[in-house]
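Start at 1 and go down the list; that is how both ligands and their atoms are numbered. For the single chain, residues carry numbers from 1 onward in sequence order. No hydrogens, no waters, no symmetry mates; every other heavy atom, side chains included, goes into these values.
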Amino acid sequence: MSMIADFYGGKSILITGATGFLGKVLMEKLFRTSPDLRVIYILVRPKAGQTLQQRVFQILNSKLFEKVKEVCPNVHEKIRAISADLNQNDFAISMQDMQELLSYTDIIFHCAATVRFDDHLRHAVQLNVTATQQLLLMASQMPNLKAFIHISTAFSNCNLKHIDEVIYPCPVEPKKIIDSMEWLDDAIIDEITPKLIGDRPNTYTYTKALGEMVVQQESGKLNLAIIRPSIVGATWQEPFPGWVDNVNGPTGLIVAAGKGFLRSIRATPMAVADLIPADIVVNLTLAVGWYTAVHRPKSTLIYHCTSGNLNPCNWGKMGIQVLATFEKIPLERAFRRPKADFTTNNVTTQYWNAVSHRAPAIIYDFYLRLTGRKPRMTKLMNRLLRTLSMLEYFINRSWEWSTYNTEMLMSKLTPEDQRVFNFDVRQLNWLEYIENYVLGVKKYLLKEDMAGIPEAKQHLKRLRNIHYLFNTALFLIAWRLLIARSQVARNVWFFIVSFCYKFLSYFRASSTLKV
Ligand SMILES: CCCCCCCCCCCCCCCCCCCCCCCCCC(=O)SCCNC(=O)CCNC(=O)[C@H](O)C(C)(C)COP(=O)(O)OP(=O)(O)OC[C@H]1O[C@@H](n2cnc3c(N)ncnc32)[C@H](O)[C@@H]1OP(=O)(O)O
Ligand SMILES: NC(=O)C1=CN([C@@H]2O[C@H](COP(=O)(O)OP(=O)(O)OC[C@H]3O[C@@H](n4cnc5c(N)ncnc54)[C@H](OP(=O)(O)O)[C@@H]3O)[C@@H](O)[C@H]2O)C=CC1
């Protein structure tokens, strides 16, 4: 019997960010391994015209939860969605719901965050710092609370090269930042943002670092732990390989490469691609929840959930495997054939952006206009280029994360728990994982049918022929213009034509002689 699974039995668990990518995988695993848990409270905001119930229904009816429904048929009754907005005071939770949360919660997993790199500092502080502070305050009023697990990011200190499992202080105290956000206007915040974030690349990593400081400062008597995952990718094994349902991190670029939009990317092929599968993050998170509650470490432990130091893969290897998979299993209705390369300096990046990204988009939009349709490719391409510029920081550097606490935890697990809650990234085969990731993107994110692969391959062949035809036509036009303007080109042209003519005459004469 798994000690960890047993621990969660009968417990009331509160999850924030349960509708997000990681939150859903966390919930799934909890229900599958501890179907006898009492309840999972999830803080959900109504969104995009959907009620809370509709959002929960949608999650439970997704492919991700198919196995759960077999193991835990009454899963609907064990989820309690609580209307909450983490941007509001007291999260806008009703008195009655708040009372229930305070009375019953045993464990908190705090996953909610804004993960947008370019979020306005005010909003990023509100969600990643102030909301964390408020949740800690709520936690301190929960008599039954056994552990509070905060999900941060391995990149919260990405301004350092070597990162230990400790909290590094930021120059300005989080409390001062929270206070100043209340009275500064947007224009001033915009002006001071670069100074505040300093050598971090964006407001996301900065506010996640402030969030960690808040956890440390407000810990009081709480049993706390912080998990720092690196770049979370599709699932490795559980509940099945390749599950992913949003475009964050590398996923969006995999789609863009498969659809033929992404042709070049400024990246360092040898830089470590510190990806970590979502199920590994979730297994570690649940093991940390158990360890923190049962063993009650004296101080707040930080756990790095990274792959680079134990089983490194680099962006070059990943890129090649992504493209190799698209050869076998292409995406449907691609814009161009999947073919991309890495560039390593600004000049070549600008050149390829103009030639491989902007020019085809302009030509395609021209064709759309000609055929009476609305142009859209230039807009889409500009968004892609903007996204690339945001991700560049992370694909041109390598970091070293120490993993002492994570390894210590692994050694504390029984062999059964090491199997059921496996977070040993050394067992991962990258080529197999990336192939399943790409397949998962096709099946679960884009919802493309595998039966459509022959047609997708046919479409790529048509694109290849169009490409050849287009290049030939372009060459002929360029050549025609050149010989109309230059005597040298005319002479070369005359030389080639007469040479071909002579060669053909000689060939015809010799074949006539043989007969
Ligand atoms: C030999 C060689 C061979 C080589 C071959 C080469 C082969 C090539 C193969 C390729 C694979 C190999 C290389 C992989 C490199 C991966 C690097 C990953 C680094 C990640 C580091 C993460 C570190 C930290 C981890 C963490 O701790 S946290 C999690 C990370 N957080 C994020 O990843 C949020 C990012 N996003 C945003 O920050 C916002 O999205 C924003 C971007 C501002 C836009 O913002 P905006 O313009 O306002 O518009 P949106 O509405 O947001 O989106 C507008 C439109 O862009 C779409 N789109 C949003 N995102 C992405 C995205 N990623 N990628 C693509 N598209 C995206 C969205 O679908 C929408 O499309 P539409 O619906 O319009 O068609
Ligand atoms: N994905 C990654 O690569 C990595 C993620 N992390 C961390 O993991 C955690 C989860 O990330 P991930 O699942 O990828 O992110 P998602 O963007 O998929 O999920 C974010 C979650 O937060 C919720 N949320 C956002 N704003 C509010 C709000 N105002 N009120 C209530 N809920 C809100 C979202 O709800 P809604 O559905 O309503 O939008 C969603 O459930 C985050 O803390 C992130 O920093 C760390 C390292 C890497």
Using a strict cut-off of 4.0 Å, indicate which atoms of ligand 2 neighbour a heavy atom of [X].
X      : answer
Ile151 : 7 (C), 8 (O), 9 (C), 43 (O)
Ala113 : 20 (C), 22 (O), 25 (C), 42 (C), 43 (O), 45 (O)
Thr153 : 46 (C), 47 (C)
Asn246 : 18 (O)

Relative to [atom], which among [options] owns the nearest non-hydrogen atom?
atom                    : options                       : answer
atom 26 (N) of ligand 2 : Val115, Leu127, Thr306        : Leu127
atom 30 (N) of ligand 2 : Val44, Leu86, Leu26           : Leu86
atom 6 (N) of ligand 2  : Tyr204, Phe109, Phe155, Phe91 : Tyr204

Problem - Aromatic centroids of Phe421 and Trp290 separated by under 6.0 Å - result: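 That pair fails the under 6.0 Å test.
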
Practice task
Would you please indicate if the ring centroids of Trp401 and Phe155 are separated by under 6.0 Å?
Solution key: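 Yes, ring centres under 6.0 Å apart.
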
Exercise for the section: Consider ligand 2: state whether an atom of it lies below 4.0 angstrom from any non-hydrogen atom of Arg55. Expected result: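 Checking ligand 2 against Arg55, which is what was asked, there is a heavy-atom contact under 4.0 Å.
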
Exercise for the section: Give a yes/no on ligand 2: does Gly233 have at least one heavy atom closer than 4.0 angstrom to it? Expected result: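 No, that is not the case, since the closest heavy atom of the residue is not under 4.0 Å from the ligand.
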
[Y]/[X] salt bridge by N-O under 4.0 Å criterion:
X      : Y      : value
Asp186 : Arg122 : yes
Glu238 : Arg32  : yes
Glu28  : Lys67  : no
Glu100 : Arg80  : yes

Handout entry: Distance-only N or O hit between ligand 2 and Val232, under 3.5 Å
Key =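 Such a contact does occur with ligand 2.
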
Practice task
Examine Thr19 against ligand 2 and note whether any of their N/O atoms are separated by less than 3.5 Å.
Solution key: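 Yes; the residue has a nitrogen or oxygen that sits under 3.5 Å from a nitrogen or oxygen of the ligand.
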
Problem - Which segment of Ala154 sits under 4.0 Å of ligand 2 when only heavy atoms are counted - result: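 The answer is neither.
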
